[in-house]
Engineer: 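If you scroll down you'll find the structure; I have some questions about it.
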Amino acid sequence: MGSQFEHLKLPRIRNIELPRRSSGGFGGTKRTDVSEHGKQLLGQISSLIEPVKQKTSPFRLDPKLIFKIKVTEKYSFSDNLVTQTGLNVLAREPNKAIVVFSSDNELTEFKKRLENYSQIKDGPKYEYLGAIDELVPLEPEDRIGHLLDIKHVQPGELAALDLELWHTGDRKEMRKYLDDIADVLESLTSDTAPMRMSDSYIGDYLCIARIKVTDEILNLLLLEEIVKEIDRPPQPAFETTADYNLPISNFPEVVPPPEDNCGILVIDSGVQRGHPLIAPVLGEAEVFPDAKRQFIKGGPDDVHGHGTSVAGIAIYGNVENCIQQRSFDPTAWLFSARVTDENNKYDEDLLIETQFDEVIRAFVEQYPNCKVINISLGNADQIYRDGLKQFRLAAKIDEIAYQYQHKNIVFVISAGNAFYEEAESNEQLRTDYPNYLLNKSARIIDPATSAIALTVGSLSFGRGSITEPSDVRRQAIANLSGYPSPFTRTGFGVDGMIKPDVVDFGGDLVLDLSYRESLGLPKVNVLPDSVAGVSVLTLSKDFNSSLFHICSGTSFAAPRVANLAAQLFTKYPDASSNLIRALIVNSAVLPKEIPPEFQCKDKKSQSKQIRKQLAIYGNDSLIFYVQCIPPRTMLFYPKTIF
């Protein structure tokens, strides 16, 4: 491989100390009250078993004993040790609680070990059971999702909800559970409350359904042991954009790329098929899965504009360079899947997981060169927190990537956009940057936590306003090239996974230092994307009035990386998806200038500062910034920009 890729220079890893991940297992101080503690646990398990035996489900669901093992703070309890007790680990929660189940209601093996531990019977001592603090049942509140907790179902409301069941590993069993629930909902339907299950999905790890129910039925479902979570459906978050008029005379004709060039599938709000810079490069555009056009009006064309903006960057990389050189040479084919309506909403009758599954199957199986999938959609209400389980859509993306591993697909996902809402003044917003990017509220969102995808954060161009360069009242917040965008979301991901993987240019935010303060208003006035120079230049859906417009957001950093991935696949068509991801990650470098808050000033603060850098810029090799892909074949971030 060295001779084949001699132009790739892999940097040496610096001699630094990284934060270590706990290896799990059993640790801590041995209990002194073993006998009494063991008897308490036996009493708790008995109190858990009896209600399950006696329970009759209105949904005809077989009872499962699902409960929490709460682990004492000073102990650890590995999955392997839990499994040895005869239990199956379903999830780990942030407060050191482990959700488990057993298909055997008697829990013979677990009770046997508890009896030995408590010295009721002779035999092995099983001292690791001392890590257990208590055994408690799951309550209805444990099954309410974050979005449903924010917005409860009101009396009289017929709510579209996502129902997730604990997956036992048996698909036939899970299918029966969903069928039984669907039958009961159908039997309870009425003209005023047409309850039903409109969609479902059963994978290797996920069992979910879209249901429409009243608050009374919701409360019954929250009592079911097999129910993992019920939540309101996610909705996509879009950045706003502004038209940017540039002279378009004398542009040469766009020549489509060679047929065997790699294609990029953009899953978004659609694409404007008639745009003169898109039409010659468009392989196919379709609406998924709304084939009858009952939900999404206007076909695959882009009503909102977000998808067209993302697509323009995906196929051209640096649109600004193309304009400057008056030359548009697309490097990748474009495929577009529209999954939202004119109001930027998902279909309330369909699972987004179903939509993505159908989209990817249709394009990947029909077009062998469709190998890069860009997703610049995110659910801003699903923010990752340490210890949380993987988000559903992110898990689905990982499942699809694994399912199609023989196709060597690379997913590229935007990290999402965060805004510092706590700022009470211009001064606070300016002085708190960039530290607020490490706030919990600025963590990455679903589906940016996907383990297999390349998650992309955003950097500032480091430029001020082109149209008003002398207006000191309008100042960019980051204002230096390579500084993180004020809206970028940061890591870490599930189990401390380093996310985002890489970063690229997505723009800046501009403060108007006069407008609101002149009115005596304390809040800052932010101009996120209406200032030329600080924003990303891309294609406009309203091409009859303007071919281009400007916008800012991680949504527009992600397709730059997708474009690089596509060019690599074109250069190395037999490469695996792992190789393409590795080439991108290992061709990235830390920006020359980073905020002082993230710099390593001495050995004492080195580990802490590097952790901050990892959370902001990416990746496992301590190199972050997509810049130095092979120059003979790639479009680069330009050293100087007009």
Side-chain angles (χ1 to χ4, degrees), residues 66 79 88-94 98-99 101 142-143 145-148 161-171 174-175 177-178 199-210 226-236 267 339 346 350-361 364 373-405 409-416 443-455 489 491-501 577 581:
I66 298 174
D79 289 359
N88 294 283
V89 177
L90 294 175
R92 285 185 172 268
E93 298 188 344
I98 308 170
V99 181
F101 92 99
D142 296 319
R143 304 183 179 100
H146 175 67
L147 303 182
L148 183 58
L161 302 172
D162 281 356
L163 166 72
E164 182 175 4
L165 304 184
W166 293 107
H167 203 309
T168 65
D170 186 333
R171 286 195 177 197
M174 302 316 296
R175 180 76 267 165
Y177 281 132
L178 291 182
D199 193 16
S200 64
Y201 172 81
I202 301 175
D204 293 331
Y205 311 103
L206 289 173
C207 179
I208 51 181
R210 177 64 52 80
I226 198 65
V227 171
K228 179 179 181 180
E229 184 177 83
I230 302 178
D231 206 356
R232 289 193 180 272
Q235 291 298 340
I267 302 178
V339 293
Y346 295 127
L350 297 170
L351 293 163
I352 185 60
E353 292 83 1
T354 299
Q355 287 182 285
F356 275 50
D357 192 67
E358 293 191 15
V359 166
I360 294 165
R361 185 190 315 118
V364 170
I373 300 174
N374 188 95
I375 303 173
S376 290
L377 303 174
N379 184 357
D381 292 320
Q382 292 283 28
I383 303 172
Y384 187 74
R385 298 284 191 270
D386 289 333
L388 289 182
K389 61 182 182 296
Q390 179 62 287
F391 291 125
R392 275 208 330 264
L393 182 54
K396 176 59 182 173
I397 290 170
D398 288 338
E399 186 178 278
I400 293 172
Y402 184 78
Q403 177 185 353
Y404 287 102
Q405 58 183 310
I409 300 172
V410 171
F411 283 91
V412 181
I413 301 176
S414 60
R443 296 283 290 275
I444 56 175
I445 58 177
D446 187 25
T449 53
S450 166
I452 298 179
L454 282 172
T455 301
R489 287 191 174 273
F492 295 94
V494 179
D495 289 336
M497 181 179 297
I498 295 172
K499 291 284 180 177
D501 297 273
S577 56
R581 287 194 297 266

Engineer: Which atoms form the tightest heavy-atom contact between D381 and H146, and what is the distance?
Structural biologist: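 Scanning both residues completely, I find the closest heavy atoms to be O-CD2, 2.8 Å.
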
Engineer: Return the set of residues passing side chain to side chain contact (heavy atoms under 4.5 Å, CB included) with D142 (not counting sequence neighbours), or none when no residue passes.
Structural biologist: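 By the side chain to side chain contact (heavy atoms under 4.5 Å, CB included) rule, D142 matches K68, L138, E139.
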
Engineer: Ignoring hydrogens and angles, state whether a donor on the side chain of S414 or R489 is under 3.5 Å from an acceptor on the partner side chain.
Structural biologist: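 No donor-acceptor contact under 3.5 Å links the two side chains.
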
Engineer: Closest approach of A448 and K499, non-hydrogen atoms and distance?
Structural biologist: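 Shortest heavy-atom contact: O-CD, 3.9 Å.
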
Engineer: Apply side chain to side chain contact (heavy atoms under 4.5 Å, CB included) to N379 and I445, showing your working.
Structural biologist: CA-CA 6 Å; N379 184 357; I445 58 177; 5.6 Å; no

Engineer: For I373 and F356, what are the C-alpha separation, side-chain angles and deciding distance, and is it a side chain to side chain contact (heavy atoms under 4.5 Å, CB included)?
Structural biologist: CA-CA 11 Å; I373 300 174; F356 275 50; over 6 Å; no

Engineer: What's the verdict on side chain to side chain contact (heavy atoms under 4.5 Å, CB included) for I360 and I267, showing C-alpha distance, side-chain angles and the deciding distance?
Structural biologist: CA-CA 9 Å; I360 294 165; I267 302 178; 4.2 Å; yes

Engineer: Could you tell me which non-hydrogen atom of L393 sits nearest to which non-hydrogen atom of E353, and how far apart they are?
Structural biologist: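 Residues L393 and E353, closest heavy atoms: N-OE2, 3.8 Å.
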
Engineer: Holding to side-chain hydrogen bond (donor to acceptor under 3.5 Å, both in side chains), I want the full list of residues that pass it with R171, two or more places apart in sequence or in another chain.
Structural biologist: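 R171 satisfies side-chain hydrogen bond (donor to acceptor under 3.5 Å, both in side chains) with D204 only.
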
Engineer: Heavy-atom distance under 4.5 Å between the side chains of R443 and D386, does that happen here?
Structural biologist: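 Yes; the side chains approach each other to less than 4.5 Å.
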
Engineer: Nearest 0.5 Å, please: how far is CD1 in I202 from NE2 in H167?
Structural biologist: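 One finds 7.0 Å between NE2 of H167 and CD1 of I202.
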
Engineer: Let me confirm one number: the CD1-CG distance from I413 to L377, rounded to the nearest 0.5 Å.
Structural biologist: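 If we round to the nearest 0.5 Å, I413:CD1 and L377:CG are 10.0 Å apart.
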
Engineer: Q405 side chain to Y402 main-chain N or O, any donor-acceptor pair under 3.5 Å?
Structural biologist: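 Checking the backbone N and O of Y402 against the side chain of Q405, a donor-acceptor pair under 3.5 Å is found.
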
Engineer: Does any non-hydrogen side-chain atom of I375 lie less than 4.5 Å from one of F411?
Structural biologist: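 In short, these two side chains touch, coming nearer than 4.5 Å.
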
Engineer: CD1 of I444 to CE of M497: how many Å apart, nearest 0.5 Å?
Structural biologist: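 CE of M497 is found 9.0 Å from CD1 of I444.
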
Engineer: Does a side-chain N-to-carboxylate-O contact under 4.0 Å join K389 and E164?
Structural biologist: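 Answer for the salt bridge query: no.
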
Engineer: Apply side chain to side chain contact (heavy atoms under 4.5 Å, CB included) to A394 and list each qualifying residue two or more places apart in sequence or on a separate chain.
Structural biologist: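 Per chain and number, A394 pairs via side chain to side chain contact (heavy atoms under 4.5 Å, CB included) with Q390, F391, D446, P447, T449, S450.
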
Engineer: For the residue pair D501 and I498, what are the closest heavy atoms and their distance?
Structural biologist: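 Closest heavy-atom pair between D501 and I498: OD1-O, 4.1 Å.
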
Engineer: Sequence neighbours excluded, which residues qualify as salt bridge (charged side-chain N to carboxylate O under 4.0 Å, His left out) partners of K396?
Structural biologist: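 So K396 forms a salt bridge (charged side-chain N to carboxylate O under 4.0 Å, His left out) with D357, E399.
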
Engineer: Quick one: list whatever passes side chain to side chain contact (heavy atoms under 4.5 Å, CB included) with S577, sequence neighbours left out.
Structural biologist: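 Here the qualifying residues are N408, V410, R581.
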
Engineer: Looking at CG of D199 and CG of L178, how far apart are the two atoms once the value is rounded to the nearest 0.5 Å?
Structural biologist: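 One finds 10.5 Å between CG of D199 and CG of L178.
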
Engineer: For D162, which residues count as a side-chain hydrogen bond (donor to acceptor under 3.5 Å, both in side chains) partner, sequence neighbours excluded?
Structural biologist: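 Scan of D162 (side-chain hydrogen bond (donor to acceptor under 3.5 Å, both in side chains), adjacent residues dropped) gives R210, R392.
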
Engineer: For V339 versus Y346, what's the shortest heavy-atom pair and its separation?
Structural biologist: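 Shortest heavy-atom contact: O-CD2, 3.4 Å.
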
Engineer: For residues I409 and Y404, report the shortest heavy-atom separation together with the two atoms involved.
Structural biologist: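 Answer, listing the atom of I409 first, then Y404: CD1-CB, 3.5 Å.
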
Engineer: Starting at CD1 of I208, measure out to NZ of K228 and round the result to the nearest 0.5 Å.
Structural biologist: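 NZ of K228 is found 10.5 Å from CD1 of I208.
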
